[in-house]
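Remarks on the structure that follows.
Heavy-atom basis, side chains included; hydrogens, waters and symmetry copies ignored. Not measured: the values here are computed from a predicted model.
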Amino acid sequence: RHVAQLEATLQVRLFDRTTRKVALTAAGQELRESLGRALGEVDAALMRTLARHDGLRGTVSVAAGPTPSAELMPACIARCAREYPELQVECHDHVQAEVIAAVRAGVVDFGLGIDPPVSRALLCEAILSDPFVLVCQRTDALARLRRVPWARLANERLVLLDHSSGSRRLIDEVLAERGIAVRVVQETGHTHTAFRMVEAGLGSSITVGLSAPTSMPHLVARPLVPTVRRAVTLVRRRDRSLSPPAARVWTVLRELAAARRLGTRAG
């Protein structure tokens with residue numbers, strides 16, 4: 001009823017409705033983004049005032065891609081729960097395109113993505129550099145190599161993440177730059193699905209060290225050479241300062257990434 005009243009007041013349709021689906025119109029999307037920015041600024045102002053006078057408390061919303069959500073956000077949320085018990089961290093697990101859209105719209109405090117597109121509207125900070133690896137069956141001929149040259153992937157059957165992933169664009173660029181033609185036999189939305197398809201013998205997969213399978217005994221991960229890395233990146237709107245609680249969570253993620261880098265070097 002509220003939406004219908006708003007549409008009547010504005011004399012603009014905000015939703016397209018069918019018996020099976022409700023979706024925002026272009027006008028609705030524009031209004032949602034504008035209100036998101038305005039409400040985000042109000043929330044940030046309230047949180048800054050509260051934090052200055054009553055410590056770190058409230059809610060911080062972070063949009064994160066699948067790999068950062070699984071590999072960095074759990075430790076971040078757990079640490080914040082221990083050190084700042086009145087601060088709640090919400091993780092919104094999205095594909096890369098939705099992470100950037102949420103940051104742009106101001107519906108989250110900041111995002112955690114993979115090499116986001118360059119934009120003057122966004123402020124980005126790379127916190128972790130993650131190399132690509134090949135995931136294949138332990139009995140595959142490529143598994144016998146300690147390192148797999150990218151050129152060896154020519155004509156290989158590959159199961160890759162679809163183009164909603166931040167990694168897929170980078171993988172396609174590497175293959176194109178080197179003139180390597182592969183056979184993409186399946187595209188998936190999640191790495192675990194891709195790994196199960198590799199396990200079933202449909203082909204190999206390209207992923208990053210952070211998401212390489214560790215609990216699937218029939219699969220192995222081999223570094224791809226020459227090494228190509230992707231950057232796990234914190235991203236926020238340039239025109240919107242972080243509230244003290246959000247800035248603290250940003251710092252915690254930066255520190256966790258630094259500790260992971262040191263642990264990788266030590267290993």
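Of the residues T207, I206, T193, T191, the one that meets the side-chain contact (heavy atoms from CB on, under 4.5 Å) test with L161 is T191. With I180 as the partner, the side-chain contact (heavy atoms from CB on, under 4.5 Å) test is satisfied by one option alone out of V174, L175, N155: L175.
Listed here is the closest heavy atom pair of L253 and I127: O-CD1, 3.9 Å. A pairwise comparison of heavy atoms in P245 and L87 identifies CB-CD1, 3.7 Å as the closest pair. V252 and C76 make their closest contact through CG1-SG, 4.0 Å (heavy atoms, listed as atom of the first residue, atom of the second, distance). The minimum heavy-atom distance linking P223 with V133 is given by the pair CA-CG1, 4.1 Å. Summarising the geometry of W150 relative to P226, their closest heavy-atom pair is NE1-O, 3.0 Å, with the distance given to 0.1 Å. The two residues P131 and T227 have their closest heavy-atom pair at CB-CG2, 3.9 Å.
A donor-acceptor pair is defined here as one N or O able to donate and one able to accept, closer than 3.5 Å; no such pair exists between the side chain of S164 and the backbone of D162. When atom types are taken as modelled, the side chain of S61 and the backbone of E90 share no donor-acceptor pair closer than 3.5 angstrom. When atom types are taken as modelled, the side chain of D16 and the backbone of T25 share no donor-acceptor pair closer than 3.5 angstrom. With hydrogens and angles disregarded, a donor-acceptor distance shorter than 3.5 Å links the side chain of R138 to the backbone of P217. In terms of modelled atom types and a separation under 3.5 Å, the side chain of E98 and the main chain of A63 share no donor-acceptor contact.
Considering only heavy atoms from C-beta on, R260 comes within 4.5 Å of L72 through its side chain. Using a 4.5 Å cut-off on side-chain heavy atoms (C-beta onward), E255 and R79 make contact. Under the 4.5 Å side-chain criterion, counting only non-hydrogen atoms from C-beta, D109 is not in contact with R236. Using a 4.5 Å heavy-atom cutoff, the side chains of V228 and E173 are not in contact. Using a 4.5 Å heavy-atom threshold, the side chains of V62 and V108 count as separate. The side-chain heavy atoms of T233 and E125, taken from C-beta on, include no pair separated by under 4.5 Å. With a 4.5 Å cut-off on side-chain heavy atoms, V95 and S165 do not count as touching.
Residues passing the salt bridge (Lys or Arg N to Asp or Glu O under 4.0 Å) test with R168 are D172, E187, sequence neighbours excluded.
Rounding to the nearest 0.5 Å places CZ of R222 at 10.0 Å from CG of L142. A distance of 5.5 Å separates CG of L153 from CG of L224, quoted to the nearest 0.5 Å. Atom-to-atom distance recorded for S211:OG and H192:NE2 is 12.5 Å, nearest 0.5 angstrom. Here M197 contributes atom CE and L160 contributes atom CG; the two are 11.5 Å apart, rounded to the nearest 0.5 Å. For the atom pair CZ (F110) and CG (L234), the distance works out to 6.0 Å, reported to the nearest 0.5 Å. The distance from atom CE of M216 to atom CZ of F195, rounded to the nearest 0.5 Å, is 8.0 Å.
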Practice prompt. Could you walk me through whether R17 and V3 pass the side-chain contact (heavy atoms from CB on, under 4.5 Å) test, one step at a time?
Written response: CA-CA 12 Å; R17 303 170 180 84; V3 171; 3.5 Å; yes
Checking R229 against D130 for the side-chain contact (heavy atoms from CB on, under 4.5 Å) test, could you report, in this order, the C-alpha distance in whole Å, the side-chain angles of both residues, the deciding distance, and whether it holds?
CA-CA 5 Å; R229 298 177 178 272; D130 202 12; 6.0 Å; no
Using the rule given for side-chain contact (heavy atoms from CB on, under 4.5 Å), can you reason through L6 versus L31, listing the C-alpha separation, both sets of side-chain angles and the distance that settles it, and then say yes or no? CA-CA 11 Å; L6 181 58; L31 180 61; 4.2 Å; yes
Exercise for the section: Begin from the C-alpha positions of T67 and R230 and carry the test side-chain contact (heavy atoms from CB on, under 4.5 Å) through to its verdict. Expected result: CA-CA 12 Å; T67 298; R230 67 172 194 176; 3.3 Å; yes
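Counted within 6.0 Å of CZ on R152, heavy atoms from surrounding residues, nucleotides or ligands total 12 or fewer; the atom is thus considered open. More than 12 non-hydrogen atoms from other residues, nucleotides or ligands lie less than 6.0 angstrom from CD of Q29. In the displayed structure, H218 atom NE2 is contacted under 6.0 Å by at most 12 heavy atoms of other residues, nucleotides or ligands. Atom CZ of R147 sits in a sparse spot, with 12 or fewer heavy atoms from other residues, nucleotides or ligands closer than 6.0 Å. The environment of H92 atom NE2 is dense: over 12 non-hydrogen atoms of other residues, nucleotides or ligands sit within 6.0 angstrom. Around the CZ atom of R146, the shell of radius 6.0 Å holds no more than 12 heavy atoms that belong to other residues, nucleotides or ligands. Atom CZ of R13 is surrounded by 12 or fewer heavy atoms from other residues, nucleotides or ligands within 6.0 Å.
Under the 4.5 Å side-chain heavy-atom criterion for grouping Ile, Leu, Val, Met, Phe, Trp and Tyr, L210 is connected to I114 within one hydrophobic cluster. Grouping the Ile, Leu, Val, Met, Phe, Trp and Tyr side chains by contacts below 4.5 angstrom, directly or via other members, places V232 with M73. A chain of hydrophobic side-chain contacts below 4.5 Å, direct or via other Ile, Leu, Val, Met, Phe, Trp or Tyr residues, connects L128 to I77. In terms of hydrophobic clustering, with Ile, Leu, Val, Met, Phe, Trp and Tyr side chains grouped at heavy-atom distances under 4.5 Å, L170 and L134 are assigned to a common cluster. Hydrophobic clustering keeps V185 apart from L158 (ILVMFWY residues linked when any side-chain heavy atoms are closer than 4.5 Å, directly or through intermediates).
A side-chain donor-acceptor contact under 3.5 Å links R104 and S119.
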